[in-house]
Participant: 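The following block contains the structure, expressed as structure tokens.
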Amino acid sequence: MNEDIINLFGATTIASGVDHAVVAEDANLKSTGTEDHVVTASVDANDTTVEYHDIMTEEYEKNDTRIAMIGNVDSGKSTLIGILTNATLDDGRGAARSLVLKHRHEQENGRTSAVTVEIMGYKEGTQVYGTSRNHAHRWAEVMEKSDHSVTLIDLCGHEKYLKTTLFGLTGLMPDYCMLVVGSNMGVQVMTREHISIACALNLPMFVAVTKVDICPENILKTTRTALAKLLRAHGKMPFPVKDLAGVQTAADSLCSDRITPVFTLSSVTGQGVDLLKAFVATVRRSPARYSGVDADPEVTYERMPHIHFAIDGVFEVRGVGLVVGGTVTRGKISVGDVLYLGPDKAGAFTQVMIRSIECRRTTITEAVKGTSCTFAVRPINRKITLRKNAFRKGMVMVDGLQVPAPGKGATGEVTIPPKACREFEASVIILHHSTTIGCGYQPVIHSGVLRQAAEIVGIKGRETLKTGERAIVRFRFMYYADYLLPGSTFIFREGRAKGIGKVIQVIPLNVVTT
């Protein structure tokens with residue numbers, strides 16, 4: 001099934017300019033029964049893999065790395081973010097996580113229920129800390145002094161918040177996942193669930209085993225062995241990082257997704273924290289995720305926009321008006337650009353102009369692919385008023401399609417508005433389902449910022465699907481039209497039953513654009 005997933009994504013082997021890791025087991029470590037392995041670097045002189053500069057077709061954001069924190073509830077994700085972003089350790093009673101959690105009920109029960117974002121800044125490899133007590137001012141201070149930043153996305157670990165975690169993994173566009181495992185808790189059900197989702201989304205991953213200061217040695221050994229077995233079952237080779245030399249090897253090899261670095265640490269005593277901080281400071285986002293190549297022969301690339309901005313948050317700011325936040329996934333957006341915002345529940349788009357742009361509390365004039373930022377917008381039609389309650393998950397900002405002006409003797413070009421879709425076809429693989437699925441099955445689609453239930457209305461060449469099978473499936477959104485890009489990947493799930501798919505064709509919906 002792993003080969004089917006690779007084929008579904010159309011993965012290309014990319015050379016990173018550094019030695020790829022070749023993993024070999026150390027006989028001495030193997031005899032201990034743990035997952036420890038030795039990693040050595042080698043280069044094939046006849047390697048014909050594609051270099052980064054050969055596939056890059058446009059500029060992308062190079063000075064930020066986005067890392068999503070996943071793992072079971074109470075494993076220490078928020079606490080770990082607290083000690084990474086501040087020059088302090090935890091007191092064992094929640095002092096570090098109180099700097100991260102933003103809702104009162106989260107502070108009371110210590111459990112994350114909403115996505116929280118924090119940043120780390122670096123100047124020539126040295127971490128920069130903010131001194132201001134105000135959160136916005138602290139971010140601005142860190143960004144002003146830094147030449148590189150790391151964005152940490154704190155996601156939920158509890159099962160009832162799984163849809164929020166999925167939204168963070170698909171909609172916030174992380175480059176990597178940090179799997180946090182409590183050494184005293186072991187590998188839990190949600191640990192397995194999060195690993196399977198990250199692997200299905202093809203996200204490179206590294207592991208932090210926390211709370212080793214309160215974990216007995218035999219329990220720690222059991223946790224490490226169970227974790228290694230689970231990672232290998234998903235095609236991941238665990239690589240324990242024990243010194244700074246291992247940090248560099250792990251950072252160089254992470255993009256290739258051949259190994260999974262494992263850090264053992266304590267947020268209270270500080271054991272292993274310096275190695276994790278060094279690794280986070282070293283790792284960079286992979287240009288392969290921003291190649292911009294639309295070349296899958298199975299996909300029908302029609303009406304592809306040059307600009308695509310996925311909206312993950314909407315705000316109303318006094319004195320500014322409506323502000324939309326998200327990530328630029330295609331093209332470059334500048335102040336003064338006119339784009340189409342939508343679709344609304346009727347499937348229509350509204351023309352808006354970009355008034356200003358902010359990225360991590362810093363004002364900028366343009367945003368390139370991979371940039372997470374906010375836009376202050378206003379409608380071109382003054383009779384239209386944009387309200388926060390009119391927005392929903394799945395909305396985007398895109399440019400129109402430029403086509404030659406119609407009519408005999410006409411010159412120039414005209415802009416055709418984008419179109420939403422109610423139905424689409426996709427190549428899917430069923431990752432897990434206890435029985436079979438067929439027409440009428442209604443999972444929830446998670447594709448980028450989009451989240452909506454859809455019904456299977458047709459399966460090409462067969463009547464049902466079961467675990468491990470692949471087919472061309474036609475979906476129909478249950479409630480309203482949404483905007484999908486041909487070639488985009490998605491996860492669909494109903495409870496723990498899930499599959500992964502790739503959109504190969506969208507069926508446009510004809511509506512009036514304002």
Side-chain angles (χ1 to χ4, degrees), residues 57-64 66 117 119 136 139-140 143-144 149 151 171-173 290 292 303-344 347-403 413-420 448-450 482-485 512-514:
T57 59
E58 57 185 288
E59 187 180 0
Y60 73 101
E61 172 63 69
K62 302 180 179 67
N63 296 325
D64 184 45
R66 299 174 66 80
V117 178
I119 62 169
W139 273 39
M143 293 306 302
E144 183 180 355
S149 64
T151 302
L172 300 186
M173 319 293 180
Y290 303 93
R303 306 176 66 89
M304 295 295 290
H306 293 98
I307 295 174
H308 183 272
F309 177 75
I311 299 173
D312 59 49
V314 183
F315 317 92
E316 284 184 335
V317 181
R318 182 177 301 176
V320 177
L322 193 76
V323 175
V324 295
T327 306
V328 181
T329 58
R330 294 177 69 94
K332 179 170 62 175
I333 304 176
S334 304
V335 174
D337 285 356
V338 176
L339 301 174
Y340 290 89
L341 172 65
D344 56 21
F349 287 79
T350 302
Q351 278 191 302
V352 297
M353 188 184 78
I354 307 299
R355 298 173 58 193
S356 63
I357 310 174
E358 274 197 5
C359 177
R360 296 184 290 279
R361 309 287 182 176
T362 304
T363 301
I364 58 177
T365 57
E366 65 177 21
V368 298
K369 179 192 289 190
T371 304
S372 179
C373 54
T374 55
F375 296 105
V377 299
R378 70 166 179 83
I380 295 298
N381 187 344
R382 298 284 186 174
K383 296 180 180 180
I384 297 176
T385 302
L386 297 177
R387 298 294 183 188
K388 180 180 177 180
N389 57 12
F391 285 77
R392 58 180 177 82
K393 284 183 170 61
M395 296 184 74
V396 298
M397 286 199 305
V398 295
D399 61 338
L401 182 66
Q402 302 291 326
V403 298
E413 294 182 333
V414 295
T415 302
I416 298 178
K419 292 185 177 182
V449 295
L450 185 155
D482 258 314
Y483 188 85
L484 275 175
L485 284 176
V512 177
T513 296
T514 54

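As a basis for the values below, the full set of heavy atoms in this structure was taken, side chains included, without hydrogen atoms, waters or symmetry mates. Quantities reported herein were computed from a predicted structural model and do not represent experimental measurements.
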Participant: Nearest 0.5 Å, please: how far is CZ in Arg330 from NZ in Lys369?
Facilitator: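 That separation rounds to 6.5 Å.
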Participant: Please list, chain by chain and in numerical order, all residues satisfying side-chain contact (heavy atoms from CB on, under 4.5 Å) with Thr151, sequence neighbours excluded.
Facilitator: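 Thr151 satisfies side-chain contact (heavy atoms from CB on, under 4.5 Å) with Asp64, Arg66, Val117, Ile119, Ile153, Arg360 once adjacent residues are dropped.
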Participant: Please report, to 0.1 Å, the donor-acceptor pairs under 3.5 Å made by any side chain of residues 390-399, with sequence neighbours excluded.
Facilitator:
| from | atom 1 | to | atom 2 | distance (Å) |
| --- | --- | --- | --- | --- |
| Arg392 | NH1 | Asp482 | OD1 | 2.9 |
| Arg392 | NH2 | Pro343 | O | 3.0 |
| Arg392 | NH2 | Asp344 | O | 3.4 |
| Arg392 | NH2 | Ala481 | O | 3.0 |
| Arg392 | NH2 | Asp482 | OD1 | 3.4 |
| Asp399 | OD1 | His306 | N | 3.1 |
| Asp399 | OD1 | Ile307 | N | 3.1 |
| Asp399 | OD2 | His306 | N | 3.4 |

Participant: Got a second to check how far Ser149's OG is from Met143's CE, nearest 0.5 Å?
Facilitator: 4.0 Å
Participant: If you take all heavy atoms of Trp139 and Arg361, which pair is closest and at what distance?
Facilitator: CB-CG, 3.3 Å
Participant: Holding to side-chain contact (heavy atoms from CB on, under 4.5 Å), I want the full list of residues that pass it with Cys373, two or more places apart in sequence or in another chain.
Facilitator: Phe309, Val328, Ile357, Cys359, Ala367, Thr371, Phe375
Participant: With sequence neighbours left out, what residues match Gln402 under side chain to side chain donor-acceptor pair (under 3.5 Å)?
Facilitator: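 Residues passing side chain to side chain donor-acceptor pair (under 3.5 Å) with Gln402: Thr415.
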Participant: Under the salt bridge (Lys or Arg N to Asp or Glu O under 4.0 Å) definition, can you give me all pairs with a residue in residues 306-322, not counting sequence neighbours?
Facilitator: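 Non-adjacent pairs meeting salt bridge (Lys or Arg N to Asp or Glu O under 4.0 Å): zero.
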Participant: So which atom in Pro418 and which in Tyr483 form the shortest heavy-atom distance, rounded to 0.1 Å?
Facilitator: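 Nearest pair, atom of Pro418 first, then Tyr483: CB-CE1, 4.0 Å.
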Participant: Once salt bridge (Lys or Arg N to Asp or Glu O under 4.0 Å) is applied, what residue pairs with a partner in residues 371-389 remain, sequence neighbours excluded?
Facilitator: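 Sorted pair list comes back empty.
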Participant: Go through it in stages, so that I can follow the logic: the residues are Thr327 and Val449, the test is side chain to side chain contact (heavy atoms under 4.5 Å, CB included), and I'd like the CA-CA distance, side-chain angles, deciding distance and then a yes or no.
Facilitator: CA-CA 10 Å; Thr327 306; Val449 295; over 6 Å; no
Participant: Apply side chain to side chain contact (heavy atoms under 4.5 Å, CB included) to the pair Glu144 and Thr362, showing each step before the final yes or no.
Facilitator: CA-CA 8 Å; Glu144 183 180 355; Thr362 304; over 6 Å; no
Participant: Looking only at non-hydrogen atoms, find the nearest pair between Tyr340 and Pro417 and report the distance.
Facilitator: CE2-CB, 3.8 Å
Participant: Between Val314 and Leu322, is the side chain to side chain contact (heavy atoms under 4.5 Å, CB included) condition met? List the steps.
Facilitator: CA-CA 7 Å; Val314 183; Leu322 193 76; 3.7 Å; yes
Participant: For Ser334, enumerate each residue passing the side-chain contact (heavy atoms from CB on, under 4.5 Å) test, keeping only those at least two apart in sequence or located in another chain.
Facilitator: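 Once residues adjacent in sequence are excluded, the partners of Ser334 under the side-chain contact (heavy atoms from CB on, under 4.5 Å) criterion are Asp337, Glu366.
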Participant: Please list, chain by chain and in numerical order, all residues satisfying side-chain contact (heavy atoms from CB on, under 4.5 Å) with Leu401, sequence neighbours excluded.
Facilitator: Arg303, Val403, Ile416
